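What follows is one structure encoded as structure tokens, with my remarks underneath.
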Protein chains: 2
Amino acid sequence: MSSGDLSVRARAFSVSSLIGSTHHSDDESSRNTDATKLQSFAYCPPTNKTDGEPTSIQNAAADLLCRELWLEFHALGTEMIITKAGRRMFPSLKVRLSGLEDDVLYIVYVDMETVDDKRHRYIYQSSKWVPGGPGDVPHQERHFLHPDGPQLGKFWNKQSCVAFDKLKLTNSRKPSQRDQIPLHSMHRYQPTLYIQPIPNDCREALSNCSEWWKTFCWKSSSAASFTFPETQFITVTAYQNQQITRLKIASNPFAKGFRDSNREPR
Amino acid sequence: MSSGDLSVRARAFSVSSLIGSTHHSDDESSRNTDATKLQSFAYCPPTNKTDGEPTSIQNAAADLLCRELWLEFHALGTEMIITKAGRRMFPSLKVRLSGLEDDVLYIVYVDMETVDDKRHRYIYQSSKWVPGGPGDVPHQERHFLHPDGPQLGKFWNKQSCVAFDKLKLTNSRKPSQRDQIPLHSMHRYQPTLYIQPIPNDCREALSNCSEWWKTFCWKSSSAASFTFPETQFITVTAYQNQQITRLKIASNPFAKGFRDSNREPR
DNA sequence: CAGTTAACACCTAGGTGCCAAAGT
DNA sequence: ACTTTGGCACCTAGGTGTTAACTG
């Protein structure tokens, strides 16, 4: 028990000394400063390509939440761990929806789209990622359906946060669980949000459903999609950039055990 | 810290002395003996009323899992706690499905049906429940949809356990969450399992859906229903029968902290 | 040698009955 | 007098990066 405490403290100390002197300090309060510096570098407005014409989707909008945190990671080159059992993203995708029509049913989901068809390598000396060989063929299914959907537009509009925190990334070919998205390691991905109305010809068949039953999923061509470039990431099985490791530890509650503040209580 | 330890142990001790001498011993190994005694008392075969005629449901069957445990509770008069935030059932409903057609989509759900329209009272002296005044008007929605569904029959058939352990019982009028079922306290309920095929006229509209999207819910008149009488229960906000409390502590992993064995490590 | 895996200590999140207090 | 509520200690379940061992 007490020996475990000591070893953790020793590890945390050695990590911070390995990283050496950077512009990051060890406490979380420094992160806002960094974010301010980086905002001009990485932000691009989300693209809204409404490729269908139904009126139920024209005014839809989505705002990325916790954008400052995403920008901090993006400036370093966001890495996401993938494991056989599936690993949550951190940060997780959280959005605020608006402009959906009150009485239309929608499903909301995320797709992980490939950015290029290349494998990537991390160069330790320059702290940079470089394209390597050709990429693996993308998996067929990389969707994660929001578990609350389908719901009426008024439901989605009034949610202050629509979170995809249960989503898991995996490197197993055929994920057994519904919450897992299969990806290739050392590849670059761009999460994309989809808001999709339920087609008219099936909505009437739902008319005798009670409120709790208004749940189904649909694949149609009329959907609004939103891309937030600052959420792009590279998949890894172990972190490459130690500054990424450091920022994850500083900001993910589940990694609190690895924070330096555990060494020095004040 | 250490004082907390002591108070818990003292409480566990006082509880067991309050219960006094019963046919139950304190360790879990005694439960099998009880189950054997009670099986002849409480078991009734499940009723299978297939009120629709589609061939996709005629051969459907459902077996209740952990039946011995249910019977132990049933013999004492099963009580389920309901809270404002929602409380899981223990035992939870777990079934094994078979006989579904491989390539037909089904949803599976549980409904909590009222057994009578009476309020009930527990008589401490006789350890029995008696009908009291008139019952409250039942809530409209008492369904819990299995989160895996809809899935093809071959999916359901090959599951060794279809569990409803995420289901929560609540006494709040309008549950905010999807996993909550609103019930009245001191009322008697009978869980009923439904297996429901997706109607033909909507299945074809699903044809261009990818595998991960075959999820939707439907209300139709053609469903098979299964009732397991040994899962009947009375809702309470605090346990009435101390033997029920005792059996819950002995068999629910989350209540391990209240077991007597915590006093006497061997 | 670069990439992956599994066991591990340390956390968060939340499911238990208990109990004193409040509600009706 | 009976029923409900909220805070509590204790537990399970599972999300973290670390580390050493393993893989090709």
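Every chain is numbered from 1 and lettered A, B, ... according to where its sequence line falls, protein lines coming before strand lines. Everything numeric in this text was worked out from a predicted model, so none of it was measured.
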- Taken to the nearest whole Å, CZ/A:Arg259 to C1'/C:dA9 is 16 Å
- Query: When you measure from the side chain of A:Lys248, which nucleotide among D:dG17, C:dT16, C:dT4 comes out closest?
  - Reply: D:dG17
- Item | Proximal nucleotide (of C:dG17, D:dG17, C:dG3) relative to the A:Met186 side chain | C:dG3
- Message: Please confirm whether the shortest side-chain N or O distance from B:Lys256 to OP1 or OP2 of C:dG15 is below 4.0 Å.
- Response: no
- Message: Below 30° counts as parallel, above 60° as perpendicular, anything between as tilted: where do the rings of A:Tyr122 and A:Tyr124 land?
- Response: perpendicular
- Figure out the CD1/C1' separation between A:Ile249 and D:dT16, and round it to whole Å. 9 Å
- Message: Looking at A:Lys166, I'd like to know whether one of its side-chain N or O atoms comes within less than 4.0 Å of OP1 or OP2 on D:dG15.
- Response: no
- If you fit an axis to the five pairs at each end of the helix from C:dC1-D:dG24 to C:dT24-D:dA1, how big is the angle between those two axes, to 10 degrees? 30°
- Message: Looking at B:Asn171 and B:Lys84, would you say the former's side chain and the latter's main chain have a donor-acceptor pair under 3.5 Å?
- Response: yes
- Starting from P on D:dG14, measure out to CD on A:Gln180 and report it in whole angstrom. 13 Å
- Message: Starting the side chain at C-beta, find the nucleotide from D:dT4, D:dG17, C:dT4 nearest to A:Thr245.
- Response: D:dG17
- Quick one: B:Ile81 CD1 to C:dG15 C1', roughly how many Å, whole number? 12 Å
- Would you mind reporting whether A:Phe73 and A:Gln243 have side-chain heavy atoms less than 4.5 Å apart? no
- Do the side-chain N or O atoms of A:Ser185 get closer than 4.0 angstrom to the phosphate oxygens (OP1, OP2) of C:dT4? yes
- Query: Just to confirm, is there a sub-4.0 Å distance from OP1 or OP2 of C:dC11 to any side-chain nitrogen or oxygen of A:Asn252?
  - Reply: no
- Task: Would you kindly give the CG-to-P distance between B:Leu247 and C:dT16, to the nearest whole Å?
- Result: 14 Å
- How about B:Met80 and B:Thr78: do any of their side-chain heavy atoms sit closer than 4.5 Å? yes
- Item | Residue whose closest nucleotide on DNA chain D lies nearer the 5' end, B:Gln240 versus A:Phe254 | B:Gln240
- Message: Can you measure A:Asn241 atom CG to C:dA2 atom C1' for me and round it to whole angstrom units?
- Response: 17 Å
- For A:Gln180 and A:Thr170, does a side-chain donor sit closer than 3.5 Å to a side-chain acceptor? no
- Mind checking whether B:Tyr194 and B:Tyr109 have parallel, tilted or perpendicular rings, split at 30° and 60°? parallel
- Query: How many Å lie between OH on B:Tyr239 and C1' on C:dC18, as a whole number?
  - Reply: 12 Å
- Message: Tell me whether B:Arg142 contacts the main-chain N or O of B:Met112 through its side chain, where contact means a donor paired with an acceptor under 3.5 Å.
- Response: yes
- Item | Between D:dC11 (P) and B:Asp260 (CG): distance, integer Å | 13 Å
- Message: Any N or O donor-acceptor pair under 3.5 Å from the base of D:dG17 to the side chain of A:Arg87?
- Response: yes
